[in-house]
S.K.: 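Handing you this structure, nothing more for now.
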Amino acid sequence: MIGLDIAFWILAVVGVIAALAVVLLGDVFRAALSLVLCFLTVAGIYITLSADFLAAVQILIYVGAISVLIILAIMLTRDVQRGSPSNRLRLPAFLVAILFFGGVAYALLNTTWQVSSTPPLEPTTPAIARLLFSEGGFILPVEIAPILLLAAIIGAIVLVREK
Amino acid sequence: MVGLEHYLILSAVLFSIGLYGALAKRNAIVILMSIELMLNAVNIAMVAFSRYIVPLLLTGQVFVIFIMVVAAAEVAVGLAIIIAIYRHRETIDATKIDLMKW
């Protein structure tokens, strides 16, 4: 249990620093690389929450695919030289973020959560598969999701196609 | 002893950082990256609730899978739009893309 606590604190600190680097670094490419680091620490956070399947999916989709897409877009748009400047709304945006965090933290620290003492399922993959594909589970959303992905792929191809 | 509140506070911190980035940045790709940060923060909160409140139901983890599907679609379409705008206007500065502003 103490090892889990240490892992959580290391992952949380590294993740928050990486997320801050994403919004504060001037170089877009370095910001994208620290976004990858942040995705990796989120995968570690999933492991400390004993969500093993989600940790693998996080690494495959976010660290593998989405970061490659983002870096590819940065390469294609050559706005890297101009860096990542802030707009005029920097201070109001900071205030909005602080206010939002204050409100959420106040709300969730003043709620008494009904924490269950049951140990979590391990491994989670068979249970998730049963929930996704069985009768009375999430089979309808599972069948709708490919339609959304197909529409997104066709939309992306149409948008970037040379005329 | 790390509990549910720690994970929720971590999620709120990541979401606030992403919110600041999405509101305050000019580069459209950095805005998209901030939105990804916010989606990841929400996912952490979902998995934490699923782990600590209903450890045997796993509904939160299934929701996270669907959020990942939607996020992948969103990134693909968003980056395609950004590249199309860059071809037309030679910039992805969000303050200069104001054709629909009155």
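Lettering follows sequence order; numbering is per chain, from 1.
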S.K.: Would a 4.5 Å heavy-atom cut-off, applied to side chains only, mark A:Gln58 and B:Val64 as touching?
M.R.: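 A:Gln58 does not reach B:Val64 side chain to side chain.
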
S.K.: If you measure from CD1 on B:Ile29 to OG1 on A:Thr77, what distance do you get to the nearest 0.5 Å?
M.R.: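 If I round to the nearest 0.5 Å, the distance is 3.5 Å.
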
S.K.: Using the rule that two of Ile, Leu, Val, Met, Phe, Trp, Tyr join whenever any of their side-chain heavy atoms come within less than 4.5 Å, decide whether B:Leu10 and A:Leu20 are in one cluster.
M.R.: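 Yes, B:Leu10 connects to A:Leu20 through the hydrophobic network.
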
S.K.: Using side-chain heavy atoms (C-beta onward) and a distance below 4.5 Å, is B:Tyr7 in contact with A:Leu49?
M.R.: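 With C-beta onward as the side chain, the pair touches.
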
S.K.: Select, from B:Val47, B:Ile81, B:Leu19, the one with the greatest count of heavy-atom pairs under 4.5 Å involving chain A.
M.R.: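 Winner by heavy-atom pair count: B:Val47.
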
S.K.: Select one option (side chain, backbone, both, neither) describing which atoms of A:Phe94 are under 4.5 Å from chain B's heavy atoms.
M.R.: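 Looking at A:Phe94, backbone and side chain both touch chain B.
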
S.K.: When the ring planes of A:Phe138 and B:Phe66 are compared, do they come out parallel, tilted or perpendicular, using 30° and 60° as the limits?
M.R.: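 Ring orientation, 0 to 90° scale: tilted.
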
S.K.: For B:Leu14 and A:Cys38, work out which heavy atoms get closest and say how close.
M.R.: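 Taking B:Leu14 first and A:Cys38 second, the nearest heavy atoms are CD2-SG, 4.4 Å.
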
S.K.: Taking side chain as everything from C-beta outward and backbone as N, CA, C, O, which of these in B:Thr59 sits under 4.5 Å from a heavy atom of chain A? Side chain, backbone, both or neither.
M.R.: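 For B:Thr59, backbone and side chain are both near chain A.
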
S.K.: Roughly how far apart are A:Ser34 OG and B:Met33 CE, rounded to 0.5 Å?
M.R.: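 If we round to the nearest 0.5 Å, A:Ser34:OG and B:Met33:CE are 6.5 Å apart.
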
S.K.: Going from CG on B:Asn43 to OH on A:Tyr46, what distance comes out if it is rounded to the nearest 0.5 angstrom?
M.R.: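 It is 4.0 Å, given to the nearest 0.5 Å.
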
S.K.: Give the minimum heavy-atom separation between B:Ser34 and A:Val23, together with the two atoms involved.
M.R.: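 So the minimum-distance heavy-atom pair works out to OG-CG1, 4.0 Å.
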
S.K.: With a 4.5 angstrom heavy-atom cut-off, is it the side chain or the backbone of A:Val115 that approaches chain B, or both, or neither?
M.R.: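 For A:Val115, backbone and side chain are both near chain B.
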
S.K.: Heavy atoms only, distances under 4.5 angstrom: which of A:Val142, A:Leu89, A:Ile61, A:Thr111 has the most pairs with chain B? Name it, please.
M.R.: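 If we count pairs closer than 4.5 Å to chain B, A:Val142 comes out on top.
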
S.K.: Less than 4.5 Å to any heavy atom of chain B: does that hold for the side chain of A:Val158, its backbone, both, or neither?
M.R.: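 For A:Val158, there is no contact with chain B at all, as no heavy atom is under 4.5 Å.
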
S.K.: Treat each ILVMFWY residue as a node, draw an edge where side-chain heavy atoms are under 4.5 Å apart, and state whether A:Leu25 and B:Met38 are in one component.
M.R.: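 Different clusters: A:Leu25 never reaches B:Met38 through Ile, Leu, Val, Met, Phe, Trp or Tyr contacts under 4.5 Å.
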
S.K.: Under 4.5 Å from any heavy atom of chain A, what part of B:Ile17 do you find: side chain, backbone, both or neither?
M.R.: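 For B:Ile17, heavy atoms of backbone and side chain both lie under 4.5 Å from chain A.
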
S.K.: If I measure from the heavy atoms of chain B, does A:Ala151 come under 4.5 Å with its side chain, its backbone, both, or neither?
M.R.: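 It is neither, since no heavy atom gets under 4.5 Å.
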
S.K.: At a 4.5 Å cut-off on heavy atoms, which part of B:Leu57 comes close to chain A: side chain, backbone, both, or neither?
M.R.: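 It is the backbone, since no side chain atom gets that close.
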
S.K.: Run B:Asn40 and A:Tyr62 through side-chain contact (heavy atoms from CB on, under 4.5 Å) and show every step you take.
M.R.: CA-CA 10 Å; B:Asn40 267 283; A:Tyr62 278 98; 3.5 Å; yes

S.K.: Under a 4.5 Å cutoff for heavy-atom pairs, which residue among B:Ile65, B:Ile82, B:Leu32 has the most contacts with chain A?
M.R.: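 Most heavy-atom pairs within the cutoff with chain A belong to B:Ile65.
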
S.K.: Please classify the contact of A:Thr48 with chain B as side chain, backbone, both or neither, using a heavy-atom distance under 4.5 Å.
M.R.: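 Both backbone and side chain.
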
S.K.: Quick one, B:Val70 with A:Leu148, criterion side-chain contact (heavy atoms from CB on, under 4.5 Å). Give me CA distance, side-chain angles, the key distance, then yes/no.
M.R.: CA-CA 8 Å; B:Val70 175; A:Leu148 175 75; 3.9 Å; yes

S.K.: How far does CZ of A:Phe53 sit from CD of B:Gln61, to the nearest 0.5 angstrom?
M.R.: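 Rounded to the nearest 0.5 Å, the CZ-CD separation comes to 9.5 Å.
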
S.K.: Pick one of side chain, backbone, both or neither for A:Pro119, based on which atoms fall under 4.5 Å of a heavy atom in chain B.
M.R.: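 When you check distances to chain B, only backbone atoms of A:Pro119 fall under 4.5 Å.
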
S.K.: Taking side chain as everything from C-beta outward and backbone as N, CA, C, O, which of these in A:Leu69 sits under 4.5 Å from a heavy atom of chain B? Side chain, backbone, both or neither.
M.R.: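 Both parts, heavy atoms under 4.5 Å.
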
S.K.: Is chain A contacted by the side chain of B:Val54, its backbone, both, or neither, given a heavy-atom distance below 4.5 Å?
M.R.: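 Neither part; nothing is under 4.5 Å.
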
S.K.: Could you look at B:Leu79 and say if it's the side chain, the backbone, both or neither that has a heavy atom under 4.5 Å from chain A?
M.R.: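 It is the side chain, since no backbone atom gets that close.
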
S.K.: For B:Arg87, give me all partners under salt bridge (Lys or Arg N to Asp or Glu O under 4.0 Å), at least two apart in sequence or on another chain.
M.R.: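 Expected list: A:Glu162.
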
S.K.: Please look at A:Leu109 and chain B and tell me whether the side chain, the backbone, both or neither of the residue comes under 4.5 angstrom of a heavy atom of that chain.
M.R.: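 Just the side chain, heavy atoms under 4.5 Å.
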
S.K.: Using a cut-off of under 4.5 Å for heavy-atom pairs, which of B:Thr95, B:Val75, B:Ile44 has the most such pairs with chain A?
M.R.: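 Going by pairs under 4.5 Å, I would pick B:Ile44.
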
S.K.: Select one option (side chain, backbone, both, neither) describing which atoms of A:Ile70 are under 4.5 Å from chain B's heavy atoms.
M.R.: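 Contact with chain B involves both backbone and side-chain atoms of A:Ile70.
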
S.K.: Looking only at heavy atoms, which two atoms of B:Ala24 and A:Ala93 are closest? And how far apart?
M.R.: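 Heavy-atom minimum between the residues: CB-CB, 3.8 Å.
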
S.K.: Please look at B:Phe15 and chain A and tell me whether the side chain, the backbone, both or neither of the residue comes under 4.5 angstrom of a heavy atom of that chain.
M.R.: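 Side chain only.
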
S.K.: Please look at B:Leu4 and chain A and tell me whether the side chain, the backbone, both or neither of the residue comes under 4.5 angstrom of a heavy atom of that chain.
M.R.: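 The side chain, not the backbone.
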
S.K.: Using non-hydrogen atoms and a 4.5 Å limit, figure out which bit of B:Val69 sits close to chain A: side chain, backbone, both or neither.
M.R.: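 Both backbone and side chain of B:Val69 come within 4.5 Å of chain A.
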
S.K.: Under a 4.5 Å heavy-atom cut-off, does chain A meet the side chain of B:Leu58, its backbone, both or neither?
M.R.: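 Its backbone and side chain both get close to chain A.
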
